[in-house]
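Okay, structure first, notes after.
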Amino acid sequence: MDRVKGKAAIVTGGANGIGEATARLLAREGAAVAIVDIDDENGRKVATDIRKAGGVADFWHLDISKEDEVRRVFAEVYEKYGRLHILVNNAAIPGYRKPAHETTSEEWDRIMNVNLKGAFYCTKYAAPYMIRSGGGSIVNVASVYGLIGCDTPVYDTSKGALRAMTKSDALMYAKHNIRVNSVHPGNIITPLFRKLVEKIGGGLENTIKLLSTMCPMERMGNPEEIAYGILFLASDEASYVTAAELVIDGGMYNAPPPKYPD
Ligand SMILES: NC(=O)c1ccc[n+]([C@@H]2O[C@H](COP(=O)([O-])OP(=O)(O)OC[C@H]3O[C@@H](n4cnc5c(N)ncnc54)[C@H](O)[C@@H]3O)[C@@H](O)[C@H]2O)c1
């Protein structure tokens with residue numbers, strides 16, 4: 001309890017998956033949480049659940065790829081809470097499983113506009129409020145596939161660029177007492193993952209089994225396991241941690257497939 005007591009946070013994509021787990025955990029640990037998402041139904045439900053459990057949370061509809069919306073909503077959040085210390089840049093969309101010569105520029109823009117430009121807009125409009133609040137912590141949710149390649153090149157590129165943006169923003173904002181770090185989840189069971197399996201086919205159980213074999217811990221992760229990493233970076237426990245990358249993947253990055261024999 002109370003690991004982020006008194007702080008105000010914005011969690012993008014807080015209506016589902018890792019963002020939802022993060023919003024619930026930050027609220028449980030004492031933060032006032034603004035959930036921003038395009039999924040109004042789930043976003044409202046998460047905020048209501050948090051309030052029923054005694055926490056502070058509100059939902060705002062926000063498409064992070066729209067600069068004017070980000071500017072307006074972040075101003076409303078700051079006006080409501082009177083402070084802003086934590087920004088979790090979590091919202092993202094999955095990529096296309098195809099090589100560059102089959103990818104259109106519209107597909108490239110669609111992914112980049114949310115996964116990278118969206119995080120840029122959110123940082124741009126959160127930073128002045130964080131400075132006014134005396135500093136804070138930005139956590140960029142990238143991916144282990146921003147560190148190694150995968151079969152979704154545009155998505156992987158967006159995450160690699162988010163990692164790079166983290167490093168530069170950490171330098172730019174250190175003097176303002178704002179820390180900037182990235183979290184790199186491995187394969188996590190979330191609505192995004194379920195939707196991908198539905199689209200690609202292969203069955204949920206089979207895919208979970210297959211991805212588990214890529215991981216030394218022989219299982220996929222759950223959203224709470226990522227949320228705890230984000231909580232640490234958001235809290236004052238990480239007061240000397242900036243420009244760091246926290247890989248949370250059951251060891252997958254350290255031991256890429258094929259799985260080594262016992
Ligand atoms: N699930 C995984 O295996 C995995 C692995 C590595 C990294 N990640 C990253 O973790 C983060 C969360 O992923 P998840 O699996 O929980 O996804 P999810 O789809 O379950 O949740 C993402 C949320 O973002 C919201 N969103 C999408 N586009 C938006 C937009 N334009 N504006 C505002 N909100 C928007 C969605 O409505 C949804 O609520 C993403 O950045 C993702 O790339 C996930």
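Just so you know, ligand 1 is whichever comes first in the structure, and atom 1 is the first atom listed for that ligand.
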Residue [X] vicinity, atoms of ligand 1 by number, heavy atom under 4.0 Å:
X: Ile64; value: 30 (C), 31 (N), 32 (N), 33 (C)
X: Asn16; value: 20 (O), 21 (O), 38 (C), 39 (O)
X: Leu62; value: 32 (N), 33 (C)

Quick check: [X] and ligand 1, any N/O pair under 3.5 Å apart?
X: Lys195; answer: no
X: Ser65; answer: no
X: Ile188; answer: yes
X: Ile18; answer: yes
X: Asn187; answer: no

Distance from [atom] to nearest protein heavy atom, with residue and atom:
atom: atom 5 (C) of ligand 1; answer: Gly186 O, 2.9 Å
atom: atom 19 (O) of ligand 1; answer: Leu192 CB, 3.1 Å
atom: atom 31 (N) of ligand 1; answer: Asp63 OD1, 2.9 Å

Check this for me, if you would: do Lys5 and Glu29 make a salt bridge, where the nitrogen-to-carboxylate-oxygen distance has to be below 4.0 angstrom? no
At under 4.0 Å between heavy atoms, is it the side chain or the backbone of [X] that contacts ligand 1, or both, or neither?
X: Pro94; value: neither
X: Glu20; value: neither
X: Val144; value: neither

Looking at every non-hydrogen atom in both residues, tell me the closest pair between Phe74 and Leu62 and how far apart they are.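 Scanning both residues, the minimum pair turns out to be CE1-CD2, 3.8 Å.
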